[in-house]
Amino acid sequence: MDYSPITKAPVDQMKVRPNLIDVRTLGGHFDWQSLEKELGLVEGVNYNLAYAAIDRHLESARRNKVALYWEGKGGEQEQYTFTDLAQLTNRFANVLLGLGVKKGDRVFLFMERIPELYVAFFGALKAGAVVGPLFSAFGPDPVRDRLADSGARVLVTTPDLKVRLEPILDSLPDIKHYVMVNKNNRSSYNPAKLDLSYEEVMANASSDFKIVARSKDDYSIMHYTSGTTGKPKGAVHVHQATIQHYATGRWALDLQQNDLYWCTADPGWVTGTSYGMSAPWTNGISQLIYEGGYRASTWYSLIQKYKVTVWYTAPTAVRMLMKAGDSLPQQYDLSSLRHICSVGEPLNPEAVIWGTKVFKQPIHDNWWQTETGAILIANYPVMAVRPGSMGRPIPGVTASIVDDTFQPMPPGKEGHLAIKPPWPSMFRTYWGNEAMYRSKFKNGWYITGDRARRDEDGYFWFIGRADDVIKSAGHLVGPFEVESALIEHPAVAEAGVIGKPDPIAMEVVKAFVALKDGYQPTEELRRELMHFARKKLAAAVAPREIEFVDKLPKTRSGKIMRRLLKARELGLPAGDTSTLEDD
Ligand code: AMP
């Protein structure tokens with residue numbers, strides 16, 4: 001296939017003039033503070049993501065603009081203007097203050113993509129809380145780990161999801177209130193001791209609220225992310241991140257006033273908050289939120305129905321659409337689409353080319369991660385797209401490739417992808433784990449954990465992770481989290497977990513399991529373990545494959561050598577095994 005650069009028309013011949021014309025010049029004389037002014041953010045007065053995304057629009061004609069078009073999984077439809085959102089979030093902020101929530105308290109959300117999730121999110125920010133959205137597909141273990149680690153005081157959830165948490169409710173002493181959203185009376189349930197009805201408390205709350213002004217460095221959002229060792233860590237973000245969401249929404253997603261934007265990510269992951277909430281709404285853009293999951297025909301029909309113009313999705317989704325075939329999209333009118341972006345995993349060059357065939361435009365890859373809080377490297381609308389490349393750094397950000405001693409390397413060399421701190425949306429700590437946070441900074445660089453190279457023209461090319469973390473269908477999976485769940489089963493002596501390459505999901509989780517004496521490696525036990533892990537974790541995190549082994553390769557200090565398991569799985573050379581324990 002031809003992977004040569006896909007050039008763009010000269011700017012004056014483009015149907016829509018992009019927001020960012022000269023990426024490099026803007027980078028030359030650039031200051032972030034001017035963006036704070038654009039958003040009207042003043043420390044001690046209104047410096048709050050909720051002000052930038054919602055309340056500031058009350059001062060312009062955008063107050064009556066539809067901010068949120070919601071399509072429920074059962075086909076329900078609702079719309080909310082910026083004024084509607086301002087009032088609802090005011091009510092929710094009052095509810096939280098009434099519950100005694102104070103500045104800095106953690107309020108967590110465990111909900112599907114319903115409008116109340118967005119109301120609770122911004123209401124909690126208005127009240128000065130630190131908000132932590134959790135992926136609604138999680139099983140009880142990941143939810144327990146996150147709530148216990150963060151010391152969350154309030155959990156906003158739904159009756160259907162709370163049922164799933166039954167096994168862990170006793171291990172959450174910090175939670176003082178469960179605010180139960182029973183959207184359109186979807187469930188009949190009996191409130192438990194700490195439950196409050198969202199509908200009731202909202203009806204009784206005032207829609208007037210004076211936003212709790214924060215300083216730019218005050219904590220706003222927490223997203224748990226997986227590392228190689230230990231349980232997931234809470235990457236903590238600050239209100240100042242807003243300005244970078246706003247800027248990259250303009251530069252990389254090219255959001256413009258008449259756009260109808262659709263971000264397919266769930267707010268349980270960072271893309272769903274930075275780009276499913278903050279970027280579109282700080283820019284005053286109307287967006288579609290679809291509660292349901294992936295289905296090619298539904299997705300195409302949503303684009304047609306809502307006339308989506310800018311679409312932000314992920315490589316796994318693109319690969320699934322490719323698999324669904326080229327004739328399916330021809331049955332829909334997708335001509336509204338004018339700019340398509342993707343993030344989360346490497347976007348195969350084939351997928352970029354496929355976009356030019358099916359959507360008449362390339363898919364624009366961009367790179368960032370939970371810790372960076374916002375897009376740092378992107379293919380912009382004005383740039384020629386080099387299929388397979390993540391693009392070039394955004395204005396105001398310096399990215400580099402550094403060697404193992406953390407010295408910058410020349411173009412063409414492969415090394416660690418590193419970013420020069422600070423940038424506004426940079427995470428500020430891992431909750432309760434400052435040492436781990438510090439360990440990410442070396443020789444004046446933030447080390448991303450990715451390996452990459454840069455070409456002579458400044459385009460970055462992803463090579464792989466530098467650690468054992470698994471990327472499956474766009475989700476980072478920490479092997480330790482899966483191993484811990486497996487060894488809770490009485491038959492399991494030890495478990496080692498790796499990412500096994502997969503054509504659609506990029507990697508699937510594969511576990512190697514050694515059994516305790518007295519247990520036989522039967523097909524039945526294998527199935528039982530898969531079910532056990534899926535119930536505790538989530539389908540996205542649980543192993544797709546389990547292989548029984550007599551013992552796992554370990555270092556002399558007792559650490560499982562996942563690298564070796566992976567090499568064996570792929571039939572590759574074992575590499576350095578000098579630390580392998582003797583048989
Ligand atoms: P997360 O923190 O869950 O958003 O995952 C971030 C990680 O996803 C990065 O460190 C990369 O390993 C991977 N990733 C994100 N975007 C890209 C991309 N455009 N190309 C390749 N890998 C990516």
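Counting starts at 1 for both ligands and their atoms, in listed order.
Using a 3.5 Å distance cut-off with no hydrogens or angles, the side chains of Trp431 and Asp149 do not pair a donor with an acceptor. For the residue pair Asn348 / Arg319, a side-chain donor-acceptor distance below 3.5 Å is found, with atom types taken as modelled.
Of all protein heavy atoms, the one lying nearest to atom 12 (O) of ligand 1 is Asp450 OD1, 2.8 Å. Ranking the protein heavy atoms by distance from atom 21 (C) of ligand 1 puts Pro346 N, 3.2 Å first. When hydrogens are left out, the protein atom nearest atom 3 (O) of ligand 1 is Leu476 CG, 3.5 Å; that is the closest non-hydrogen contact. Distance from atom 8 (O) of ligand 1 to its nearest protein heavy atom, with residue and atom name: Lys471 NZ, 2.8 Å. Protein heavy atom nearest atom 1 (P) of ligand 1, with residue, atom name and distance: Thr370 OG1, 3.4 Å.
Near Arg465, meaning under 4.0 Å from one of its heavy atoms, ligand 1 places the atoms 9 (C), 10 (O), 12 (O).
The part of Asn366 lying near ligand 1 is the backbone, judged by heavy-atom distances below 4.0 Å.
At least one N/O-N/O distance between Gly344 and ligand 1 falls below 3.5 Å. Residue-to-ligand polar distances keep Glu371 apart from ligand 1: every N/O pair is separated by 3.5 Å or more.
Contact between Trp368 and ligand 1 is present, with at least one heavy atom of the residue lying under 4.0 Å from the ligand.
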Checklist entry - Does the pair Tyr275 and Thr248 meet the rule for a side chain to side chain donor-acceptor pair (under 3.5 Å), with working shown? => result CA-CA 9 Å; Tyr275 294 95; Thr248 48; 2.6 Å; yes
Side-chain donor-acceptor distances from residues 406-424 under 3.5 Å, at least two apart:
{"unit_1": "His416", "atom_1": "NE2", "unit_2": "Asp404", "atom_2": "OD1", "d": "2.8"}
{"unit_1": "Lys420", "atom_1": "NZ", "unit_2": "Gly444", "atom_2": "O", "d": "3.4"}
{"unit_1": "Trp423", "atom_1": "NE1", "unit_2": "Thr372", "atom_2": "O", "d": "3.0"}

Tabulate below the donor-acceptor pairs under 3.5 Å that side-chain atoms of residues 498-509 make, not counting sequence neighbours, or state none.
{"unit_1": "Lys500", "atom_1": "NZ", "unit_2": "Glu545", "atom_2": "OE1", "d": "3.3"}
{"unit_1": "Lys500", "atom_1": "NZ", "unit_2": "Glu545", "atom_2": "OE2", "d": "2.9"}
{"unit_1": "Asp502", "atom_1": "OD2", "unit_2": "Ile504", "atom_2": "N", "d": "3.0"}
{"unit_1": "Asp502", "atom_1": "OD2", "unit_2": "Ala505", "atom_2": "N", "d": "2.8"}
{"unit_1": "Glu507", "atom_1": "OE1", "unit_2": "Lys471", "atom_2": "N", "d": "2.8"}
{"unit_1": "Glu507", "atom_1": "OE2", "unit_2": "Lys566", "atom_2": "NZ", "d": "2.9"}

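Figure legend: cation-pi geometry between Arg438 and Phe441 absent, as NZ or CZ is not positioned both under 6.0 Å from the six-membered ring centre and within 45° of its axis.
To the nearest 0.5 angstrom, Tyr294 atom OH is 9.5 Å from Thr313 atom OG1.
When the options Met390, Glu345, Gln369, His223 are ranked by their closest heavy atom to atom 10 (O) of ligand 1, first place goes to Gln369.
A salt bridge (charged side-chain N to carboxylate O under 4.0 Å, His left out) with Glu481 is found for one member of Lys536, Lys231, Arg146 and no other, namely Arg146.
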